[in-house]
Amino acid sequence: MLTSRRLIDIENGRQKDIAVVGDAILEGIIVLHGTPDDLYVGVNAGEWGGGLARVDRHTGKVLPVDIGSGCRKFPSEYCDPVNTIADVPWKPGCVAVAAGLVHFDSRGRIMEICGDKVERLFLKRLANRSKVEDDELSGSVAFFGLAGSGGALLAAGVDGVYSIGKDGKGHLLSEQKYADFGGVLASFDIPDIILVVTDVNQRRSVSGATPMIVPR
């Protein structure tokens, strides 16, 4: 559990907490993901930016993570929104981060974080789009969901679901068909995950309906 002041571990009925050193709770949509050593905090503020930080579970220190595009502090209008975080299946202790925003244009990528090492794992241009001279991410697929499946990562983007392997190569899976379940659009076509269409981003950007991955 993470509060604005404390990081709390509860295991087997026992509670241990340490003071948080730095800013860890912010406005926007917050996503959390824990590893044995760190708690990752992603922020999605839509067109107002976002970012990623990791909280050291031993010291409570909040460390901003530079995920590119001028993102060197947490949070920042220069950081792209972080929508979800998942374990990297082929690298224990490392996480993958889905960054993405659709605000008149689409931009996004999948980043891999292993402690202090940050690398771009996957980027895909939208069909018939090339990079803008002053913005290499403009016109790229924005990603909103991540999950591990069979040794690969499944990433939900604005144009469909990609399967990404440890070589960093990804391929677009066949188009999913969504069914209406009491007003909720969902797809069960892909093993291991459920795709749910949500408008959670609608107030923060013009992305409209975006897919969310639910592991099963």
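One finds a salt bridge joining Arg109 and Asp80 here, because a Lys/Arg side-chain nitrogen approaches an Asp/Glu carboxylate oxygen to under 4.0 Å. Salt-bridge check for Arg125 with Asp159: failed, with every basic side-chain N at 4.0 Å or more from each acidic carboxylate O.
When side chains are defined from C-beta on, Thr59 does not count as touching Val21, because their heavy atoms never get closer than 4.5 Å. Side-chain atoms of Trp90 and Leu153, non-hydrogen and from C-beta on, do get closer than 4.5 Å to each other. With contacts defined as side-chain heavy-atom distances shorter than 4.5 Å, the pair Tyr40/Val97 does not qualify. Residues Ile85 and Leu52 are in side-chain contact: their nearest non-hydrogen atoms beyond the backbone lie under 4.5 Å apart. At a threshold of 4.5 Å between non-hydrogen side-chain atoms, the residues Asp87 and Val95 count as touching.
Atom CG of Asp189 and atom CG of Leu195 lie 8.0 Å apart (nearest 0.5 Å). Of the inter-residue distances, the one linking Ile30 atom CD1 with Leu2 atom CG reads 9.0 Å to the nearest 0.5 angstrom. The distance from atom CG of Asn44 to atom OG1 of Thr84, rounded to the nearest 0.5 Å, is 10.5 Å. The distance from the CD1 atom of Ile113 to the OG1 atom of Thr35 is 11.0 Å, given to the nearest 0.5 Å. The CG atom of Leu154 sits 11.5 Å away from the CZ atom of Phe143 when rounded to the nearest 0.5 Å. Note that CG of Leu7 and CD1 of Ile18 are 5.0 Å apart. Values are rounded to the nearest 0.5 Å.
Looking only at distances, no side-chain donor or acceptor of Ser163 sits under 3.5 Å from a matching main-chain atom of His171.
In this structure, Phe188 and Phe181 have perpendicular ring planes: the angle between them is above 60°, well past the 30° mark.
Within 6.0 Å of CD on Gln15 lie more than 12 heavy atoms contributed by other residues, nucleotides or ligands. Atom CZ of Arg14 has 12 or fewer neighbouring heavy atoms from other residues, nucleotides or ligands inside a 6.0 Å radius. Within 6.0 Å of CG in Asp116 there are 12 or fewer heavy atoms belonging to other residues, nucleotides or ligands.
The hydrophobic clustering, which links ILVMFWY residues whose side-chain heavy atoms are closer than 4.5 Å, places Met1 and Leu39 apart.
Residues Pro215 and Ala147 come closest through the heavy atom pair CG-CB, 4.3 Å.
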